[in-house]
Amino acid sequence: MADRQIRALNVAEKPSVAKAVSGILSRSPQSNGLRVREGRSRYNKIFEFDYVIRGQHFQMAFTSVTGHLMELEFDDRYRKWYSCDPIELYHAPVLKSVPQDKLDIRRTLEEEARKSQWLILWLDCDREGENIAFEVVEVCAQANRNLNIWRARFSALIEREIHHSMQNLVRPNQLFADAVDVRQEIDLRIGASFTRFQTMLLRDAFVLDFASEDRNIILSYGPCQFPTLGFIVERYWEIQAHEPEEFWTINCTHNNNEGIATFNWMRGHLFDYTCATMLYEMCIQEPTATVTKVRQQEKLKYPPHPLSTIELEKRASRYFRMSSEITMKVAEDLYQAGFISYPRTETDGFSERTDLRSIVQEQEGHQLWGSYARRLLDPEANLWRHPVGGGHDDKAHPPIHPTKFSTGESSWSADHHKLYELVVRHFLACVSQPAVGAETTVEIDIAGELFSACGRVILAKNYLDVYRYESWGGSIIPTYDFGQQFVPATLTLDSGVTRPPPLLSEADLLGCMDKAGIGTDATMHDHIKKLLDRFYATKDSNTRFSPTNLGEALVMGYDEMGYELWKPYLRAMMESDMKEVSNGAKRKAEVLETCLQQMKACFSDARSNKEKLFEAMSIFFQRSNRPSGSAQHMAGEVVRRCGVCQNNDMVLRKKPDGNFMVGCLGFPLCRSAFWLPGSLLEAVVTQTVCEICTPGPIFKIQFKFRRVEIPPNFDADHLGCIGGCDDTLRQLVEICGTGSRNIPTVSGRGQGHPSLSSSGNVHGSARRQEVCMHCSQAGHSSNLCPSLASRGRGGRPPEINQQNGEESIPCDSCGAPCSLRTANTDANRGRKFYSCRSQGCNFFVWEENATGGRRAATGNGSQSNQSRRGGGLGRGSRGGARSGNATFVSATGEPISGRCFACGDPSHFANACPSRGR
DNA sequence: GCAAGGTC
């Protein structure tokens with residue numbers, strides 16, 4: 001028989017389900033018992049047993065995952081915050097993969113799948129479960145292409161149900177999984193784009209004094225967290241907007257030897273003082289009251305529905321002021337230890353098949369509620385009532401109920417005690433009769449005005465005996481008969497003022513989220529916690545939420561833009577889209593495309609309206625003097641309009657290798673780029689507009705160079721322009737090279753690729769097209785700019801000028817004397833150079849690069865590094881030869897060869913060009 | 001570093 005056996009791999013969503021289902025299935029007579037062995041993951045064991053499906057013998061291996069096996073992430077290139085413009089995140093490639101911490105589960109699945117012919121998926125029967133099922137399929141099918149794949153559909157871990165689903169296996173539902181794929185992708189793209197956008201925009205622009213280390217705070221945006229914040233802000237604004245209004249009401253009391261009755265004016269209250277006074281005076285003039293109605297009726301107060309997650313969270317908050325986050329942590333502990341059922345459930349009604357009485361029976365021994373449990377099971381007490389559900393069913397889990405008796409464990413905290421007691425008392429309450437009361441309502445007439453009073457007597461407390469968290473007040477009033485007349489003890493005209501609604505409590509907030517479909521039972525508390533962690537909201541000692549300045553400013557900013565990104569509509573729209581994908585009405589790709597297109601447009605609009613966010617933030621926070629994070633990280637501070645495509649801005653960026661460039665936002669459609677010197681340490685776009693370069697505006701950049709990598713007479717700090725007017729920048733590009741040299745050439749030069757250039761600023765990059773910094777035209781670099789070639793040239797040749805015995809030469813730039821000095825930086829120690837003494841002039845030339853005539857004339861024998869090395873790289877070592885390419889050694893020791901970009905002469909570089917600056 | 005959804 002063993003030969004005919006099929007081996008099947010069963011996979012559940014969590015270890016507890018694998019264990020429970022294996023336990024049930026292995027109790028059949030053919031199972032040969034239940035064996036357990038370790039898998040690769042310490043949490044996910046493998047259970048083994050035999051089973052017969054419709055006459056076919058199976059050898060079952062039953063293991064589990066822990067929720068989602070895979071994660072959706074952006075392609076590596078887009079993961080770093082400053083790697084791209086956030087708007088690109090609407091199209092950037094995304095990948096689903098198994099994260100590091102789940103690799104061991106993947107190995108178990110692969111190993112077991114290879115040994116199996118069938119795969120049976122026991123994931124939870126909801127959309128997320130179906131999606132996880134397909135993640136499991138992807139991993140298993142890669143290991144074994146011939147698997148026969150089945151889905152078990154079950155709604156409770158009950159013997160009959162589990163056997164039934166095993167005997168009636170179906171195929172997994174791709175549409176359900178697709179719906180989740182849609183949600184994941186939209187959440188990721190929207191969340192990441194807006195989070196990066198608002199964080200980079202605002203974090204460094206304002207003094208956010210609430211956080212000790214405000215440089216690291218993240219101003220996140222999420223389709224669940226923002227609407228949750230929206231509820232808090234909206235209530236807060238409602239309170240702020242409330243204007244107290246005075247009102248008047250007439251109150252009346254009457255007492256006799258039976259007690260006191262307080263009668264309320266049936267008009268409630270009036271805001272018109274004159275009117276209230278007139279009516280009151282009429283009552284005073286004829287104060288005799290006549291009883292016009294006496295109504296007695298039985299009233300029932302019903303026990304709560306069976307406990308769902310949200311109700312558990314709301315009630316723990318209301319009764320114990322326990323946060324939803326703590327509630328879920330403690331509930332998880334109790335569940336793990338087997339004391340309560342699965343705590344993440346939307347179901348608020350018990351299945352007919354649940355053995356409710358045995359759950360009650362287990363609690364009979366408890367000293368606090370044991371006697372109540374015994375009464376419940378006593379038919380004579382007439383206390384039992386089948387629980388009435390609230391109409392919600394997630395088809396996966398029963399309502400939260402006790403699963404094991406405990407009088408309290410030594411490891412339990414006070415919160416564990418409270419929560420276990422709540423679960424037990426709630427369960428006992430919902431299988432109990434409602435409380436019964438007798439209510440008496442009396443109405444009287446005084447001078448035509450009607451008043452009423454109400455009294456209540458509790459006839460049977462029933463469930464209230466065990467559910468001590470709820471009370472039902474009783475008040476006794478005297479007996480009245482129809483037509484009876486009396487004179488009130490007091491008849492007063494009282495004033496009051498209207499009050500604003502209270503701040504939202506945690507229970508209110510959970511209620512709002514539940515109603516609007518924000519989050520799931522398993523995640524709502526996370527969204528609330530996130531608001532506190534992000535400094536968007538605070539919770540006071542009464543568990544009531546207020547927005548912080550930051551939270552209010554963000555909502556205000558988007559509100560001013562006219563976007564309802566902080567309202568729950570976006571989530572509601574996504575939920576309805578998901579439903580349509582689930583039922584096949586819409587295809588996944590079409591929903592994704594439409595939704596992302598809309599959100600991208602919205603993002604783009606929001607970005608162009610960013611002043612609204614700035615204005616809102618300015619109300620609450622001081623502007624900071626810090627350079628913005630985006631500028632620091634080159635995320636895209638605009639430098640100028642792109643002269644090539646004319647369509648996009650060019651922004652300053654820092655590449656992953658540390659080099660800087662100014663690139664067009666239209667990349668990859670437009671590849672124009674300007675690479676900055678490789679010696680650059682930091683660069684920040686300033687608000688200063690260059691007054692020389694056109695077309696403007698071109699914003700100047702504050703550069704900070706690495707001291708040791710630039711010639712000694714250049715300032716490490718330089719406010720420069722990429723528009724073409726900045727000689728210093730040009731010299732440094734030529735001397736130090738650009739970042740683009742470090743990027744490997746994708747294809748060889750000169751192969752006709754339009755983005756390649758034969759030399760110049762972007763010579764190493766096959767990705768970007770060069771842009772001349774002189775004329776802003778594409779196709780050549782600044783050193784080959786035709787506009788420069790036509791400039792007036794032919795100035796006087798350099799001369800030696802001696803003053804006070806010092807060696808000096810006239811400055812090529814301004815004509816002032818240049819002194820011979822000795823470098824003392826690490827990279828160039830001992831090397832001689834000439835530098836201009838004139839203030840504000842940056843002219844500099846290494847001694848060996850000075851003109852041959854001058855070197856010969858100075859004849860001081862100073863030797864360059866190059867000549868000492870014998871490399872023959874400096875012009876000096878060639879004895880002043882004017883033929884061949886000029887060569888130069890950069891500060892990093894790299895030889896650079898080329899020609900003067902000013903006059904095109906290959907014998908020297910521009911910094912030594914005789915024609916420059918004239 | 002970013003979302004929300006599973007779960008340990």
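Proteins come first, then strands; the chains are lettered A, B, ... in the order of their sequence lines, and each starts at number 1.
- Between the CG atom of A:Asp101 and the P atom of B:dG6 there is a distance of 17 Å, rounded to whole Å.
- Partners of A:Lys45 by side chain to side chain donor-acceptor pair (under 3.5 Å), not counting sequence neighbours, listed by chain and number: A:Glu38.
- Of the candidates B:dA4, B:dT7, B:dC2, B:dT7 carries the atom nearest the A:Pro15 side chain, counting heavy atoms from C-beta on.
- Among the nucleotides B:dT7, B:dC2, B:dG1, the one closest to any side-chain atom of A:Arg534 is B:dC2.
- Here A:Tyr563 pairs with nothing under the ring-ring contact (aromatic ring centres under 6.0 Å, His included) rule; sequence neighbours left out.
- Side-chain N/O atoms of A:Arg344 include none lying less than 4.0 angstrom from OP1 or OP2 on B:dG5.
- Evaluation of the side chain to side chain donor-acceptor pair (under 3.5 Å) rule for A:Asp178 yields A:Gln174 as partners, not counting sequence neighbours.
- The separation between A:Asn44 atom CG and B:dC8 atom P is 8 Å, rounded to whole Å.
- The side-chain contact (heavy atoms from CB on, under 4.5 Å) search around A:Glu593 returns none, not counting sequence neighbours.
- Both tests do not hold together for A:Arg607 against A:Phe197: distance to the six-membered ring centre under 6.0 Å, angle to the ring axis within 45°.
- Shown for residues 179-195 of chain A: residues whose heavy atoms fall under 4.0 angstrom of DNA chain B, namely A:Arg183, A:Gln184, A:Asp187, A:Leu188, A:Gly191, A:Ala192, A:Thr195.
- Among A:Arg107, A:Arg37, A:Arg40, the single residue meeting the salt bridge (Lys or Arg N to Asp or Glu O under 4.0 Å) criterion with A:Glu112 is A:Arg37.
- For A:Arg344, the side chain to side chain donor-acceptor pair (under 3.5 Å) partners two or more places apart in sequence, or in a different chain, are A:Glu332, A:Tyr342.
- Heavy-atom distances under 4.0 Å link DNA chain B to no residue of residues 579-605 of chain A.
- Residues passing the side-chain contact (heavy atoms from CB on, under 4.5 Å) test with A:Ala192 are A:Phe74, A:Leu89, sequence neighbours excluded.
- Atom-to-atom, CG of A:Leu121 to C1' of B:dG6 comes out at 16 Å; the value is rounded to the nearest Å.
- Here the C1' atom of nucleotide B:dC2 and the CZ atom of A:Arg203 are 11 Å apart, to the nearest Å.
- For the side-chain contact (heavy atoms from CB on, under 4.5 Å) test, residues two or more places apart in sequence or in another chain that qualify with A:Asp333 are A:His416.
- Of the listed nucleotides (B:dG1, B:dT7, B:dA3), B:dT7 has the atom at the smallest distance from the side chain of A:Asp124.
- Here A:Glu71 lies out of heavy-atom contact (under 4.0 Å) with every strand.
- In this structure, A:Phe197 reaches neither bases nor backbone, as no heavy-atom distance under 4.0 Å exists between it and the strands shown.
- Rounded to a whole Å, the CZ atom of A:Phe134 is 17 Å from the C1' atom of B:dG6.
- Residue pairs meeting the salt bridge (charged side-chain N to carboxylate O under 4.0 Å, His left out) criterion with at least one member in residues 556-567 of chain A, sequence neighbours excluded, are A:Glu234-A:Lys567.
- Heavy atoms of A:Arg127 sit nowhere under 4.0 angstrom from any nucleic acid atom.
- Note on ring orientation: taking the six-membered ring where Trp is involved, the planes of A:Phe603 and A:Phe194 are perpendicular (angle over 60°, cut-offs 30° and 60°).
- Residue A:Leu89 is classed as having no contact, given no heavy-atom separation below 4.0 Å to the nucleic acid.
- Residue A:Ser220 is the one, among A:Glu332 and A:Ser220, whose nearest nucleotide of DNA chain B lies closer to the 5' end (criterion: closest heavy atom).
- Residues meeting the side-chain contact (heavy atoms from CB on, under 4.5 Å) test with A:Cys224, sequence neighbours left out: A:Ile518, A:His527, A:Arg571.
- Put simply, NE2 on A:His68 is 10 Å from C1' on B:dT7, counting in whole angstrom units.
- Taking every heavy atom of residues 510-529 of chain A and every atom of DNA chain B, pairs under 4.0 Å involve A:Gly519, A:Thr520, A:Ala522, A:Thr523, A:His527, by number.
- The side chain of A:Glu73 approaches B:dC2 more closely than any other nucleotide in the set B:dC2, B:dT7, B:dC8.
- A:Asn131 comes within 4.0 angstrom of nothing in the nucleic acid, heavy atoms only.
- Between A:Trp81 and B:dG1, a base-stacking contact is recorded: ring centres under 5.5 Å apart, planes less than 30° from parallel.
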- Task: Starting from the C-alpha separation in whole Å, work towards a yes-or-no answer on salt bridge (Lys or Arg N to Asp or Glu O under 4.0 Å) for A:Arg79 and A:Asp76.
- Result: CA-CA 5 Å; A:Arg79 283 206 204 164; A:Asp76 267 348; 3.7 Å; yes
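- Neither OP1 nor OP2 of B:dC2 sits under 4.0 Å from any side-chain N or O of A:Lys530.
- Between the P atom of B:dA3 and the CZ atom of A:Arg571 lies a distance of 13 Å, rounded to the nearest Å.
- When the side-chain nitrogen and oxygen atoms of A:Tyr78 are compared with OP1 and OP2 of B:dC2, none of them lie within a distance under 4.0 Å.
- Atom CG of A:Asp533 is separated from atom P of B:dC2 by 11 Å (rounded to the nearest Å).
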